[in-house]
Protein chains: 2
Amino acid sequence: MSEALARRTQQQRSESTKALLLEATLDLIAAMGWANASTAAICERAGVSRGAQTHHFPAKTDLLIAAIKRNTSRFDEEFEQRTGLDGSPRLPLDEYLDLLWQGSQQPGFLECWIEALVAARTDPDLRERVADIDARAIGAMKEQSARTDAAVTPDSDLYDLIELTIYLLRGMALQRGVHASEANQKRLFELWSALVRNHLDQNNRDPG
Amino acid sequence: MSEALARRTQQQRSESTKALLLEATLDLIAAMGWANASTAAICERAGVSRGAQTHHFPAKTDLLIAAIKRNTSRFDEEFEQRTGLDGSPRLPLDEYLDLLWQGSQQPGFLECWIEALVAARTDPDLRERVADIDARAIGAMKEQSARTDAAVTPDSDLYDLIELTIYLLRGMALQRGVHASEANQKRLFELWSALVRNHLDQNNRDPG
DNA sequence: AATAAAACATACCAACCGGTCTGTTTGCGT
DNA sequence: ACGCAAACAGACCGGTTGGTATGTTTTATT
């Protein structure tokens with residue numbers, strides 16, 4: 001029958017099942033936590049055999065690393081697009097902070113990230129690799145913030161405030177795991193944003 | 001031989017082994033994470049038989065709940081002492097924020113708390129109970145903050161700022177799990193403290 | 001077409017986990 | 001002193017997990 005359709009390159013087959021596995025992994029981490037996401041469950045969800053999984057990801061930790069890399073790069077690219085790279089007008093800091101907020105509200109995104117951080121803390125095989133991915137992600141967000149209109153003076157506290165914001169959003173996501181409190185958190189984050197803006201306005205007034 | 005020493009009340013025996021188990025539980029959660037802390041390992045660490053553990057804590061989740069209750073109440077009491085209840089002079093907000101910081105630096109404290117929050121997210125048996133303990137702990141800290149010199153007007157943002165601070169400290173602790181960055185975080189927290197003070201000073205100027 | 005290699009499928013296994021069950025010791029009430 | 005219940009100890013078990021080992025199919029190479 002449809003031989004032409006079934007015929008795929010090795011690379012195509014490989015990347016296809018890899019993608020299925022990683023999506024299933026992220027889904028299950030978000031739904032039941034990394035500790036409860038068994039390789040068997042991931043394979044079933046992905047519609048892939050256990051052998052295929054072990055072929056592409058010999059150890060379970062390989063699965064987690066690849067999954068959170070996918071998780072971060074996906075949002076990283078979206079953020080890069082939104083902040084823009086060329087001579088477009090600078091994004092107002094307000095909007096960038098709101099962008100961070102929206103990113104933190106993406107279902108499963110921070111949940112997976114937190115699960116990875118927690119798992120990595122007590123797993124020597126994970127710790128270094130997760131720490132590296134994490135550092136890159138934070139660095140990327142700091143660079144993005146430098147493309148907003150808040151990047152007035154080189155010695156401002158902008159990077160520190162971005163780092164604080166990231167920590168805050170993670171702490172909030174942690175809380176949402178057990179408490180449904182989105183409206184309240186939105187309100188709190190707006191207060192946070194106001195404090196950040198106010199601080200930068202005060203310290204960067206008349207930069208020259 | 002020393003019968004008088006070996007002779008103990010049932011209640012004494014019970015509370016003694018309970019305490020041993022809970023301490024061992026907290027130690028292991030901090031050291032290897034909740035998911036990797038097996039009941040057998042906890043019993044071995046506590047020097048208690050498996051039968052004794054199941055007698056006092058039939059399910060593993062009972063162990064976690066009791067352990068984090070102990071975890072929070074321990075620090076809660078310390079905070080209550082420090083903030084004082086009677087007519088003593090009001091604690092400066094600066095010092096209270098520093099108290100929160102010091103609490104967040106206590107080895108194992110936030111690590112266990114975060115493990116509990118993460119485990120509770122995907123465990124129906126834990127979620128409600130952990131959420132309840134968490135809500136009480138946050139409420140207690142808000143009440144303590146009301147005893148500082150920052151509690152000027154009833155409609156200030158003090159409670160919101162305390163809640164933000166708690167989320168921030170948790171996000172920071174999450175980060176410390178994979179990155180050794182205490183000095184940097186101390187610096188960041190002082191920046192945040194400055195923002196909080198500044199905001200409250202601005203909004204509560206000339207209250208009456 | 002033949003050979004090799006990558007992709008995939010299935011069975012298997014040793015280790016571990018948490019809960020249950022049975023038996024023993026210790027303290028308490030009478 | 002006696003009986004009972006709580007505290008404790010150890011054995012046991014079904015279920016699950018992640019990794020491995022072996023066999024089959026699909027693509028690539030020559």
Side-chain angles (χ1 to χ4, degrees), chain A residues 1-22 24-25 28-29 31-67 115 119 122-126, chain B residues 1-22 24-25 28-29 31-67 115 119 122-126:
Chain A
M1 49 185 82
S2 58
E3 266 186 26
L5 251 169
R7 186 98 185 167
R8 289 186 303 167
T9 303
Q10 295 281 56
Q11 189 181 357
Q12 282 173 330
R13 295 211 296 161
S14 177
E15 288 181 1
S16 166
T17 64
K18 274 191 199 173
L20 285 172
L21 280 168
L22 295 184
T25 301
L28 285 188
I29 292 176
M32 52 210 299
W34 173 244
N36 302 324
S38 68
T39 55
I42 292 172
C43 291
E44 189 186 352
R45 174 104 175 194
V48 160
S49 77
R50 191 108 164 62
Q53 174 249 308
T54 59
H55 177 67
H56 293 292
F57 306 98
K60 198 195 174 189
T61 55
D62 298 326
L63 214 40
L64 177 63
I65 294 294
E115 291 279 341
T122 55
D123 187 334
D125 293 345
L126 284 173
Chain B
M1 46 183 81
S2 60
E3 264 186 28
L5 253 169
R7 187 95 184 171
R8 288 187 304 167
T9 300
Q10 294 282 56
Q11 189 181 357
Q12 282 174 329
R13 294 211 296 161
S14 177
E15 288 182 0
S16 165
T17 64
K18 274 191 198 172
L20 284 172
L21 281 168
L22 295 185
T25 301
L28 285 188
I29 292 176
M32 51 210 303
W34 173 244
N36 301 323
S38 67
T39 55
I42 292 172
C43 290
E44 189 186 353
R45 174 104 174 197
V48 160
S49 76
R50 192 105 162 64
Q53 174 250 307
T54 60
H55 178 67
H56 294 291
F57 305 99
K60 198 195 174 190
T61 54
D62 298 328
L63 214 39
L64 177 64
I65 295 294
E115 291 279 340
T122 54
D123 187 334
D125 292 346
L126 284 175

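Below, chains carry the letters A, B, ... as their sequence lines are ordered, and counting in each starts from 1. Because only heavy atoms are used, hydrogens play no part in the values below, and waters and symmetry mates are left out as well, while side chains stay in. Please read all numbers here as calculations on a predicted model, not as lab measurements.
- Between T39(B) and dG18(C), a side-chain N or O to OP1/OP2 separation shorter than 4.0 Å is present.
- Of the candidates dA9(D), dA7(D), dC17(C), the closest approach to any side-chain atom of S38(B) belongs to dC17(C).
- Summarising the geometry, atom CG belonging to L63(A) is positioned 8.5 Å from atom OG1 belonging to T39(A); distances are rounded to the nearest 0.5 Å.
- Atom pair D62(A):CG and dG19(D):P shows a separation of 8 Å (rounding to whole Å applied).
- The side chain of S14(B) lies closest to dA7(D) when the candidates are dA7(C), dG27(C), dA7(D).
- In this structure, R50(B) places its CZ atom 15 Å from P of dC13(D), rounding to the nearest Å.
- For the pair M32(B) CE and dC17(C) P, the computed distance is 8 Å after rounding to whole Å.
- Considering CG of D62(B) and OG1 of T25(B), their distance stands at 11.0 Å, rounded to 0.5 Å.
- Closest to the side chain of Q10(A), from the set dG27(C), dT27(D), dG19(D), is dT27(D).
- Contacts of T17(B) with the nucleic acid, taken as non-hydrogen atoms under 4.0 Å apart, involve only primed sugar atoms and P, OP1 or OP2.
- Atoms CZ (R7(B)) and C1' (dT25(C)) sit 12 Å apart, rounded to a whole Å.
- To the nearest angstrom, C1' of dC8(D) lies 8 Å from NE2 of H55(B).
- Between T54(A) and Q11(B), the one whose closest nucleotide on DNA chain D sits nearer the 5' end is Q11(B).
- With dC28(C), dC8(D), dG19(D) as the candidates, the nucleotide lying closest to the side chain of T9(B) is dC28(C).
- Nucleotide dC17(C) holds its C1' atom 15 Å from the CD atom of E44(B), rounded to whole Å.
- Per the geometry, CZ belonging to F57(B) stands 13 Å off P belonging to dG19(C), to the nearest Å.
- In the set dG27(C), dG19(D), dT27(D), the nucleotide with an atom closest to the side chain of R13(B) is dG27(C).
- A donor-acceptor pair under 3.5 Å is formed between the side chain of N36(A) and the backbone N or O of M32(A).
- Not one side-chain nitrogen or oxygen of R8(B) sits closer than 4.0 Å to the OP1 or OP2 atom of dT26(C).
- Taking atom CD of Q53(B) as the reference point, atom C1' of dA9(D) lies 13 Å away to the nearest angstrom.
- Put simply, the side chain of S38(A) gets close to the backbone of A41(A): a donor and an acceptor are under 3.5 Å apart.
- Using modelled atom types, one side-chain atom of Q53(A) and one backbone atom of F57(A) make a donor-acceptor pair closer than 3.5 Å.
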